[in-house]
Protein chains: 2
Amino acid sequence: MKRDIKKEAFREFIAREGLKSTRQRDIILDFFLSAKRHMSVEELYRGLRARHPGIGYATVCRTLKLFAQSGIAHEIHFGDGQTRYEHLVEGEHHDHLVCTVCGTIAEFENKTIEALQKAVADSHGFIIRSHRMELYGLCAKCAK
Amino acid sequence: MKRDIKKEAFREFIAREGLKSTRQRDIILDFFLSAKRHMSVEELYRGLRARHPGIGYATVCRTLKLFAQSGIAHEIHFGDGQTRYEHLVEGEHHDHLVCTVCGTIAEFENKTIEALQKAVADSHGFIIRSHRMELYGLCAKCAK
DNA sequence: TGTATATTGATTATCATTTTCAATTAGGAG
DNA sequence: CTCCTAATTGAAAATGATAATCAATATACA
Ligand SMILES: [Mn+2]
Ligand SMILES: [Mn+2]
Ligand SMILES: [Zn+2]
Ligand SMILES: [Zn+2]
């Protein structure tokens, strides 16, 4: 299962970097992988604390950063001042539809757009390392 | 000239909202329209202070927000924790190529991509109100 | 010119995230 | 298994960008 691929990838990262495997990191990773996508740090922290009251906010922040560094997660910024994280397997990619009314986030992928992005970059002699594309507006529900 | 169109648009906004025309707002607008694009609040503040030492940081922040509200400027967030502003005339739009090495920012517009974005949104019953697309990587110069 | 109201700049507050640091833990050597 | 060292943790303080406060000042209109 993908969950195990991510766990294994993080385990390898920990080993490769000379870091240590800890109870907290295991707990946070388990929760992160089973929680819903695009959770803010605060949401993850509150969710974790329900079962693990001792866990510190700083540890959650640090651990999520490690997830991003290890490649099993991505930081997302939707402009509301909250950092969100989503887990993904290496090489996966998608963009977002963000409802500005209810906050619902939908994901999509469009190879044609990505090809055109590459073409635009090429015409500038620019080498793309990453990109972000977000469409903001009203989801089907909020559009009534 | 476009500069005058923007000045006039802001003047109208000021009047329409029952706000007042002030020396500071004039100074900040002049500098903003003549400075290079995508300046951060800090950069604009420092640039302004050279000629106008009395001007307050809070006033710069507030005034830039007013520019955005009036429609003559846009807030931009590239994920480095700095808010940038760029001026544009009503209806104009473009996206960005951001060099992660030297910080250079190029602008582009691609109608085909925008049409595809619309198509993606439609297929989700989503109504786009705005969007952002940024390509991060190496500019021609930094790619060597 | 007078007056009500908006604006300014300095200061303080916010708020999410980072850093600090003493105490604790992990995990390899012996 | 026991030591030992370096990594990790949680609480608290620091950070950094922006926003709010507020007394003093400037603006615009009657
Ligand atoms: Mn996503
Ligand atoms: Mn631009
Ligand atoms: Zn919605
Ligand atoms: Zn560059």
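Chain naming here is simple, since letters A, B, ... match the order of the sequence lines and numbering starts at 1 in each. The basis for the numbers below is simple: all heavy atoms, side chains too, and nothing from hydrogens, waters or symmetry mates.
Each of Gly18(A) and Gly56(A) was matched to the nucleotide of DNA chain D holding its nearest heavy atom; the match closer to the 5' end belongs to Gly18(A).
Pairs engaging residues 93-122 of chain B under the ring-ring contact (aromatic ring centres under 6.0 Å, His included) rule: His38(B)-His96(B), Phe78(B)-His96(B), His93(B)-His131(B), His94(B)-His96(B) [sequence neighbours left out].
If you take NE2 of His52(B) and C1' of dG9(C), they are 16 Å apart, rounded to a whole angstrom. Put simply, CG on Leu64(B) is 12 Å from P on dT8(C), counting in whole angstrom units. In this structure, Ile55(B) atom CD1 and dT7(C) atom P are separated by 14 Å, rounded to whole Å.
Heavy atoms of Gln82(B) sit under 4.0 angstrom from primed sugar atoms or phosphate atoms, though from no base atom.
Taking the six-membered ring for Trp and the full ring otherwise, Phe32(A) and His87(A) have centroids separated by under 6.0 Å.
Side chains of Ile105(B) and Cys99(B) form no contact here, defined as non-hydrogen atoms less than 4.5 Å apart.
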**Item:** B/S/- contact track for nucleotides 18-30 of chain C, protein heavy atom under 4.0 Å
**Value:** BBB-----BS---

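Side-chain N/O atoms of Tyr136(A) and Glu134(A) include a donor and acceptor closer than 3.5 Å.
Heavy-atom contacts of chain A under 4.0 Å fall on DNA chain D between two terminal nucleotides, which in 5' to 3' order are dA6(D) to dA11(D).
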**Check against salt bridge (Lys or Arg N to Asp or Glu O under 4.0 Å), Arg46(B) and Glu42(B)** = CA-CA 6 Å; Arg46(B) 280 210 296 271; Glu42(B) 181 69 29; 3.0 Å; yes

